[in-house]
Amino acid sequence: MIIVGERINGTRSRVKQAIMAREADFVEEEAQQQAEAGADYIDVNAGTGPDREADDLVWLARTVQAGVSTPVCLDSPNVEALRAGLEACTGKAMLNSASAEEGRMQAVLELAHRHGARVIGLTMDDAGLPKTAEQRIAIAQKLVAKAEEIGIDRDDIFLDPLARAVAVENEQGAAFLDAVSGIRQSLPGVHVICGLSNISFQMPARRLLNRTFLAMAMAQGLDAAILDPLDGGLMAAVCAGRVLLGQDDMCMGYIEAHRAGRLAEWS
Ligand code: THG
């Protein structure tokens, strides 16, 4: 499992404040804590207005890179902000995200290819957010065909079938899980990722739903997730899921996590 730490996001009010006041220490510490907890990428999402988002994203990317060696995942719907952010990145970054929308697919995929970055492709197009697994799979195929035409390796493509709130639409958990397995079967070699917390939006005890959903999605082939790595129960479920799916050679990751005290609550 590839973990993308989600905490540096301007929708969180403390982060917004840090962006506005250019509080580098706060952002660096958020990055360090997530890296220490097992993040493979640090997502940075400024969530500010179009007039300043590029500057804010560049500042976030630079600040994170000053604090950790973990690569950055640039999170913005704005192609120009992604372009500016990418120029401030030194390692192999991840772009979050392309989609199959007109104007966004080609531009973001070309940007990723030019910089050798990895790229998340949201399974949505100009018709909006898909509801069924079949719609998600069809859009995923279109995204991968375009990415391969541009020259991007499958190992650099992360498809996001877009988890949607079960509180709003009951059947969305199952539709998402079917999409994960469908993408796995029809597009071997690509990664499948999601932002986990959407699923539990407007529900109580959200961490229980997030954790259970992660385990279910891993079983269908989800191999990356955007989540809060400081949620110890969630990271413990990732660790257990790896063992149970035969992805943890000799169970060493699990045993090491236990030795480090990260599974103590369940011993
Ligand atoms: N797919 C992709 N990228 C994404 C998402 C996705 N990026 C953004 C988002 N979804 C994932 N990132 C976050 C970051 C922070 C929070 C949730 C998702 C968060 N939420 C608080 C909560 O859930 O309690 C509320 C925030 C607040 O209002 O303070 O912290 O799906 N590709």
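Counting starts at 1 for both ligands and their atoms, in listed order.
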Counting distance only, does the side-chain N/O of R164 pair as donor-acceptor with the main-chain N or O of E169 below 3.5 Å? no

Distance to 0.1 Å, residue and atom name: give those for the protein heavy atom nearest to atom 31 (O) of ligand 1. N198 ND2, 2.9 Å

Shortest non-hydrogen separation from L159 to A140 and the atoms involved: CD1-CB, 3.8 Å

Taking distance alone, with no angle check, do D160 and ligand 1 share an N/O pair under 3.5 Å? yes

Nearest 0.5 angstrom please: T63 OG1 to E29 CD, how far? 14.0 Å

Within reach of ligand 1, part of R7 (heavy-atom separation under 4.0 Å): neither

Can you give me the closest heavy-atom contact between N45 and G47, atom names plus distance? OD1-N, 3.0 Å

Taking non-hydrogen atoms only, is I193 closer than 4.0 angstrom to ligand 1 via side chain, backbone, both or neither? neither

To the nearest 0.1 Å, how far is atom 22 (C) of ligand 1 from its closest protein heavy atom, and which atom is that? R206 NH1, 3.8 Å

Run down the list D43, L159, T11 and name the one with the heavy atom closest to atom 27 (C) of ligand 1. T11

Kindly confirm or rule out an N or O of S97 lying under 3.5 angstrom from an N or O of ligand 1. no

Could you establish whether S197 and ligand 1 come within less than 4.0 Å of each other, counting only heavy atoms on the residue side? yes

Contact region, L162 to ligand 1, non-hydrogen atoms below 4.0 Å, reads neither

Distance check, rounded to the nearest 0.5 Å: I193 atom CD1 versus I226 atom CD1? 4.5 Å

Indicate the atoms forming the closest heavy-atom contact of G10 with I19, along with that distance. CA-CD1, 4.2 Å

Quick one: nearest non-hydrogen protein atom to atom 7 (N) of ligand 1, plus distance? D75 OD2, 2.8 Å

So OG of S181 and CZ of F176: to nearest 0.5 Å the spacing works out to 10.5 Å

Where do A35 and I42 come nearest, in terms of heavy atoms and distance? N-CD1, 4.1 Å

Check this for me, if you would: do E23 and R14 make a salt bridge, where the nitrogen-to-carboxylate-oxygen distance has to be below 4.0 angstrom? yes

Contact between ligand 1 and D228 is defined here as a heavy atom of the residue under 4.0 Å from a ligand atom; is it met? no

Provide the number and element of each atom of ligand 1 under 4.0 Å from a heavy atom of R12. 29 (O), 30 (O)

Which residue owns the protein heavy atom closest to atom 3 (N) of ligand 1, what's the atom, and how far is it? N96 ND2, 3.0 Å

M124 versus L162: any side-chain heavy-atom pair under 4.5 Å? yes

Atom 5 (C) of ligand 1 [closest protein heavy-atom partner, distance rounded to 0.1 Å]: G195 CA, 4.3 Å

Atom 16 (C) of ligand 1: the protein heavy-atom neighbour that sits closest, reported with distance to 0.1 Å: E6 OE2, 3.8 Å

